[in-house]
*Asks:* 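The structure is given below, and queries will be raised subsequently.
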Amino acid sequence: MEKTYQPQQLENHWYKTWEERGYFEPQGDGDPYCIVIPPPNVTGRLHMGHGFQNAIMDALVRYHRMLGRQTLWQVGTDHAGIATQMVVERKLNAAGTNREEIGREAFLDKVWDWKEESGGIITQQIRRLGSSIDWSRERFTMDDQMSAVVEKAFIQLYDEGLIYRGNRLVNWDPKLLTAISDLEVVAEEENGFMWHFRYPIEGSDDCVVIATTRPETLLGDSAIAVHPEDERYRALVGKMVNLPLCDRKIPIIADEYVDPAFGTGCVKITPAHDFNDYEVGKRHDLPVINIFTKNASINDEAPADYRGLDRFEARKKIVEDLEALGLVEKIEPHTLKVPRGDRSGAVIEPYLTHQWYVAIQSLADPAIKAVENGDIEFVPKNWENTYFAWMRNIQDWCISRQLWWGHRIPAWYDDEGKIYVAPTESEARLKYGLADDLNLQQDPDVLDTWFSSGLWTFSTLGWPDDREFFDKFHPTDVLVTGFDIIFFWVARMIMMTLKFTGEIPFKKVYITGLVRDEQGQKMSKSKGNILDPIDLIDGIELEELVEKRTADMMQPQLKQKIDKATREAFPDGIAGYGTDALRFTFYSLATTGRDIKFDLGRTEGFRNFCNKIWNAARYVLMNTEEKEIASSLESAKLSVADRWIISRFDKANVAVQAAMNDFRFDLASQTLHEFIWNEYCDWTVELSKPVLWDEEANPESAKITRLVLLSILEKSLRLLHPFMPFITEEIWQKVAPLTDQAHSSEASIMLAPYPELNETKDEEAEQHVEWIKGVIIAIRNIRGEMDISPAKNINVFLTSQSEADQLRLESYRPYLEKLAKLESIHWLDDKADAPKAATGIYKDLEILVPLAGLIDVDAERARLSKEIEKLTTGLKSVSGKLNNAKFVDNAPDAVVAKERGKAEQMTSTLEALKGKLEELDEL
RNA sequence: AGGCGCGUAGCUCAGUUGGUUAGAGCGCUACCUUGACAUGGUAGAGGUCACCAGUUCGAAUCUGGUCGUGCCUACCA
């Protein structure tokens with residue numbers, strides 16, 4: 001074995017081996033266990049969220065596989081309609097053409113080409129994470145079989161009247177020229193203005209003053225509204241105003257919607273361009289005047305002067321023109337929330353169009369019940385509130401998109417606009433009994449990507465026709481995803497799956513936090529603070545990292561800032577830490593909070609942990625290969641150290657499995673880290689050295705200690721494997737054949753069973769080893785504090801009233817001598833014979849390190865005083881409790897007894913220390 | 001405006017149903033290359049658990065409030 005752990009050399013090897021040998025496919029005949037992956041964008045790239053979620057899913061999948069469950073991790077990608085179409089359009093633009101020019105069919109060919117070209121990247125990246133995914137079942141939302149399910153779902157919902165075509169305001173992206181759902185709109189605060197305009201009242205010299213943030217919509221105003229109770233304007237209701245610039249009269253109306261306290265208390269109403277105004281318009285039967293084209297330029301409904309202007313140019317001109325007419329009252333700076341498309345960044349317009357909708361209420365009701373009655377459980381549970389809040393106030397779902405890339409809507413129109421819904425044109429004719437010569441045109445639009453994602457769990461498992469996997473693995477066990485798509489995806493999956501299969505899609509939803517950068521900022525390309533999980537695995541040079549973060553940016557002006565910040569955060573680039581260390585970082589950060597500040601320091605720490613395991617394995621192999629090893633763990637021959645680590649392992653195992661059942665990956669990883677490093681590597685390995693290095697003294701002990709070292713290492717590897725798949729496999733392959741475990745014949749650790757739980761505890765061994773540790777630590781403390789060179793072998797005396805202590809000294813002398821680096825250690829029968837010494841106390845035992853030239857009396861005095869001070873503080877708090885009658889009366893007996901014990905121990909230790917201090921003073 | 005989180009060591013975070021002298025990792029200080037590992041070892045320093053009040057024999061933990069901070073939802077024309 002290499003002297004240090006080199007992850008790069010073995011990760012690819014093992015992943016390839018596992019995949020080639022089919023180990024990721026469901027094995028055996030245990031109870032099925034299934035996770036479906038949240039489908040990543042087929043042309044996308046891996047980000048930290050994927051890394052995090054994959055780490056969690058793989059731990060669950062490997063754990064349950066080792067528990068003997070028949071385990072399937074179902075994988076696939078989605079077509080990411082808008083995102084993918086945008087990328088291909090940008091490429092076309094760069095080549096001097098566009099999609100309109102080349103036409104729909106040629107464009108789709110280009111998208112498929114792009115999918116072929118870049119589609120494998122993310123799945124290759126996921127492999128680097130070690131995810132034990134059954135790649136033989138990989139799906140894509142645009143596959144024939146998946147598309148057939150989408151079509152079936154649409155047609156069924158339509159036939160049941162749950163999909164309808166509506167003409168209403170939608171969120172319109174004037175850059176992408178498509179409707180988007182309200183979830184795809186992000187409203188951020190931006191600096192703008194509040195314009196106050198005067199509208200002249202007809203038949204009067206007076207004006208009403210309205211306030212607006214969008215002057216250009218004046219062209220579409222249908223009314224002025226005031227609050228019915230507003231005394232200031234009550235007299236004006238029913239009058240008309242002359243709409244400036246438009247040669248149009250509009251009424252002043254009264255409506256509760258108006259907030260008299262805001263602005264001037266008068267609101268212009270533009271039903272075609274504002275969601276609230278649209279509702280007001282409906283109540284008052286106002287005309288809906290659309291003044292925009294699809295790309296948000298002024299259309300022909302507006303006065304000639306403004307036609308053809310872009311909305312922002314029109315805004316400018318309208319303000320200028322009103323200024324010229326003296327109708328501008330004032331202009332104030334104003335921060336407002338501007339709705340932008342999450343993909344395009346364009347300001348979204350409420351826009352009146354025909355779109356397809358899903359009538360959602362009848363789907364939502366059972367989906368709410370499924371969570372209410374506990375069929376589906378969110379982890380952590382509070383996310384259920386978020387889910388309920390949205391579901392109980394749910395709006396019909398606009399599912400059509402004016403894109404070309406996606407599932408085309410299976411609907412045809414005749415020349416009169418009558419709708420026929422069927423999989424193909426000919427089936428439509430058959431279904432609706434239409435004449436062959438009736439002209440039919442298919443709807444040009446496609447479905448929202450989330451419509452197909454909503455069918456994900458059951459469509460990927462073969463529903464409805466190929467039901468073998470569906471019947472076995474559905475409902476799936478756990479969905480692992482981020483809270484940002486609870487509405488987008490989780491809720492819709494629950495609704496759609498219940499509707500079509502009558503089953504829930506999953507029993508549990510584990511909601512992860514969002515991975516943020518070291519400042520707590522959300523990672524995003526535009527902020528330039530993204531980390532690529534692959535770079536953390538392989539490492540990356542600073543220059544390359546800067547280059548990567550500043551390449552093809554949407555906002556090139558930020559380039560310098562990002563450049564600088566990157567150089568500050570990673571002055572030496574990023575070292576490669578390997579997949580296992582990265583994964584372990586994710587587990588350790590997977591706490592119940594919702595923000596995960598990614599800390600590279602922890603990744604480095606876990607890389608070191610890998611190295612620690614690696615070297616412990618080297619130690620064990622060096623001391624066991626070609627050496628005599630006991631054939632079984634006969635308890636009679638086990639040393640106290642052997643028994644101790646066996647007991648500690650069982651305890652760690654119980655804790656890890658309990659944490660897994662609670663989805664507490666942080667606790668699982670912490671337990672593993674502590675057990676392997678502090679108990680196995682620090683103590684067990686060290687305690688084995690006196691035995692193995694002095695083999696002649698007791699060859700039988702050496703043989704069994706070797707077996708214990710091997711067997712605990714082997715079991716620890718299995719315990720750790722779901723979290724660190726690569727290093728555990730590499731080492732296990734070498735270690736398992738040397739043990740007597742029955743499963744050592746398994747070809748891979750990932751197919752070996754998880755260690756069996758054993759709740760019993762070897763109290764006696766634990767007490768004895770605690771004693772050994774206590775004595776060693778006391779001596780080390782004196783060495784450290786007294787500045788005694790570690791190279792110096794020292795003499796130590798032990799003394800106490802307890803015969804047990806004396807017996808222990810005789811039994812464990814070699815441990816003490818080796819681990820505390822002693823020249824000699826003797827029992828003092830009579831305290832009076834004690835030499836002048838530095839003193840440590842373990843329970844009733846005094847540990848004496850003679851002064852004899854080694855120790856500075858003043859230093860010892862200071863050390864004792866510090867100990868005394870510490871103990872005095874502790875004792876004060878404990879005796880405070882015991883002196884309080886109410887505590888003694890009210891607290892449970894066990895608690896009181898515990899405090900009493902503590903107080904006694906502390907008092908006697910304190911007395912001993914004080915005595916020692918006095919002895920020093922007598923010198 | 002409503003809802004949900006969070007506030008514990010310089011930093012990133014644990015702390016189960018209230019009962020330790022409040023923990024881990026990283027960082028820091030001192031010493032050490034000893035036959036698995038310097039990606040290491042040993043020892044050590046470092047916290048009025050945001051603040052205030054309450055419940056209790058006992059609060060980091062429960063309740064109410066204050067402050068700070070982050071996110072989500074709905075919105076102010």
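Chain letters run A, B, ... following the sequence lines, proteins first, then strands; residues in each count from 1.
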*Asks:* How many Å lie between OH on Y387(A) and P on rC4(B), as a whole number?
*Replies:* 19 Å
*Asks:* Can you check the distance between rU55(B) and rG23(B), where both ends of the measurement are the P atom (answer in whole Å)?
*Replies:* 29 Å
*Asks:* Need one value for L336(A): base, sugar-phosphate or nothing, where a base atom within 4.0 Å counts as base even if backbone is also close, heavy atoms only.
*Replies:* nothing
*Asks:* rC37(B) C1' sits how many Å from K3(A) NZ, rounded?
*Replies:* 8 Å
*Asks:* OP1 or OP2 of rC4(B) sitting under 4.0 Å from any side-chain N/O of W390(A)?
*Replies:* no
*Asks:* Taking rA60(B) as the reference, what is the distance to rC72(B) when you measure between their C1' atoms (whole Å, please)?
*Replies:* 28 Å
*Asks:* Quick check: do R583(A) and F723(A) have side-chain heavy atoms less than 4.5 Å from each other?
*Replies:* no
*Asks:* Without decimals, in angstroms, what is the distance between F665(A) CZ and rA24(B) C1'?
*Replies:* 20 Å
*Asks:* Please state the C1' separation for the pair rU61(B) and rA14(B) - nearest whole angstrom.
*Replies:* 14 Å
*Asks:* Heavy atoms under 4.0 Å, any strand shown: does R863(A) hit a base, just sugar-phosphate, or nothing?
*Replies:* nothing
*Asks:* Say we look at rC49(B) and rG25(B): how far apart would their P atoms be, to the nearest angstrom?
*Replies:* 22 Å
*Asks:* Have a look at L589(A) and say if it touches a base, only the backbone sugar-phosphate, or nothing, with a 4.0 Å heavy-atom cut-off.
*Replies:* sugar-phosphate
*Asks:* Reckon M1(A) touches a base, only the sugar-phosphate, or nothing at all at heavy-atom distances under 4.0 Å?
*Replies:* nothing
*Asks:* Give the ring-plane orientation class for Y510(A) versus F663(A), where under 30° counts as parallel, over 60° as perpendicular and anything between as tilted.
*Replies:* parallel
*Asks:* Could you tell me the separation between the CG atom of N781(A) and the C1' atom of rA30(B), rounded to a whole number of Å?
*Replies:* 14 Å
*Asks:* Any heavy-atom pair between the side chains of L536(A) and M48(A) that's under 4.5 Å?
*Replies:* yes
*Asks:* Looking for any heavy atom pair under 4.0 Å, which part of the strands does A389(A) touch: base, sugar-phosphate only, or nothing?
*Replies:* nothing
*Asks:* Counting any heavy atom closer than 4.0 Å, what does K866(A) reach on the DNA or RNA strands: base, sugar-phosphate only, or nothing?
*Replies:* sugar-phosphate
*Asks:* Between F609(A) (CZ) and rG25(B) (P), how many Å, whole number?
*Replies:* 12 Å
*Asks:* Can you check the N890(A) CG to rU56(B) P distance for me, whole Å?
*Replies:* 11 Å
*Asks:* Are the ring centres of Y5(A) and W614(A) closer than 6.0 Å?
*Replies:* yes
*Asks:* Determine the contact category for Q905(A): base if any of its heavy atoms lies under 4.0 Å from a base atom, sugar-phosphate if only primed atoms, P, OP1 or OP2 are that close, otherwise nothing.
*Replies:* nothing
*Asks:* Would you say the ring centroid of F598(A) lies under 6.0 angstrom from that of F586(A)?
*Replies:* yes
*Asks:* Can you confirm whether or not the ring centre of H673(A) sits under 6.0 Å from the ring centre of F606(A)?
*Replies:* yes
*Asks:* For a quick check of understanding: with a heavy-atom distance under 4.0 Å over all strands, which category does G880(A) fall into, base, sugar-phosphate or nothing?
*Replies:* nothing
*Asks:* Check every atom of rC13(B), rA14(B), rA74(B) against the side chain of K337(A) and return the nucleotide holding the closest atom.
*Replies:* rA74(B)
*Asks:* Do R311(A) and E349(A) make a side-chain contact, defined as non-hydrogen atoms from C-beta onward lying under 4.5 Å apart?
*Replies:* yes
*Asks:* Quickly work out the I847(A) CD1 to rA43(B) P distance and round it to whole Å.
*Replies:* 13 Å
*Asks:* Hey, which of these two, R602(A) or V895(A), hits RNA chain B nearer its 5' end, going by closest nucleotide?
*Replies:* R602(A)
*Asks:* Heavy atoms only, 4.0 Å cut-off, all strands: where does V620(A) land among base, sugar-phosphate and nothing?
*Replies:* nothing
*Asks:* Rounding to an integer number of Å, can you tell me how far E679(A) CD sits from rA24(B) C1'?
*Replies:* 14 Å
*Asks:* H334(A) near the nucleic acid: base, sugar-phosphate alone, or nothing, with a heavy-atom cut-off under 4.0 Å?
*Replies:* sugar-phosphate
*Asks:* Take atom C1' in rU17(B) and the same atom in rA24(B), then report the distance between them in whole Å.
*Replies:* 23 Å
*Asks:* Can you measure from CG (L709(A)) to OH (Y619(A)) and round to the nearest 0.5 angstrom?
*Replies:* 6.0 Å
*Asks:* Using a heavy-atom cut-off of under 4.0 Å over every strand shown, decide if F584(A) touches base, sugar-phosphate, or nothing.
*Replies:* nothing
*Asks:* Can you tell me how far C1' in rG70(B) sits from the matching atom in rA50(B), rounded to whole Å?
*Replies:* 15 Å
*Asks:* Given rU56(B), is OP1 or OP2 found less than 4.0 Å from the side-chain N or O atoms of K886(A)?
*Replies:* no
*Asks:* For the C1' atoms, the ones on rC11(B) and on rG47(B), what distance do you get once it is rounded to whole angstrom?
*Replies:* 14 Å
*Asks:* What do you reckon, do W693(A) and the base of rG35(B) stack, with centroid distance below 5.5 Å and planes below 30°?
*Replies:* yes
*Asks:* Would you say rA36(B) has OP1 or OP2 under 4.0 Å from some side-chain N or O of N615(A)?
*Replies:* no
*Asks:* Would you indicate what C681(A) reaches in the nucleic acid, counting non-hydrogen atoms under 4.0 angstrom: base, sugar-phosphate, or nothing?
*Replies:* base
*Asks:* Quick one: label T873(A) by what it contacts on the DNA or RNA (base, sugar-phosphate, nothing), any heavy atom closer than 4.0 Å.
*Replies:* nothing
*Asks:* Looking for any heavy atom pair under 4.0 Å, which part of the strands does T386(A) touch: base, sugar-phosphate only, or nothing?
*Replies:* nothing
*Asks:* What I want to check is whether an N or O donor and acceptor connect the side chain of R780(A) with the base of rU42(B) at under 3.5 Å.
*Replies:* no
*Asks:* For a quick check, tell me whether the side chain of K612(A) and the base of rC37(B) share a donor-acceptor pair closer than 3.5 Å.
*Replies:* yes
*Asks:* For D182(A) and for Q6(A), find the nucleotide of RNA chain B with the closest heavy atom, then tell me which residue's nucleotide is more 5'.
*Replies:* Q6(A)
*Asks:* Do E674(A) and rA14(B) have a side chain to base donor-acceptor pair shorter than 3.5 Å?
*Replies:* no
*Asks:* How far does the P atom of rA59(B) sit from the matching atom of rU21(B), given to the nearest Å?
*Replies:* 13 Å
*Asks:* For RNA chain B, what string of dots and brackets results from 5' to 3' when Watson-Crick and G-U pairs need both distances under 3.5 Å, crossing pairs get [ ], and pairs with another strand get |?
*Replies:* (((((((..((((.....[...)))).(((((.......))))).....(((((..]....))))))))))))....
*Asks:* Do D221(A) and Y199(A) come close enough that some side-chain heavy atom pair is under 4.5 Å?
*Replies:* yes
*Asks:* Would you check if Y257(A) and E279(A) make a side-chain contact, meaning some heavy-atom pair closer than 4.5 Å?
*Replies:* no
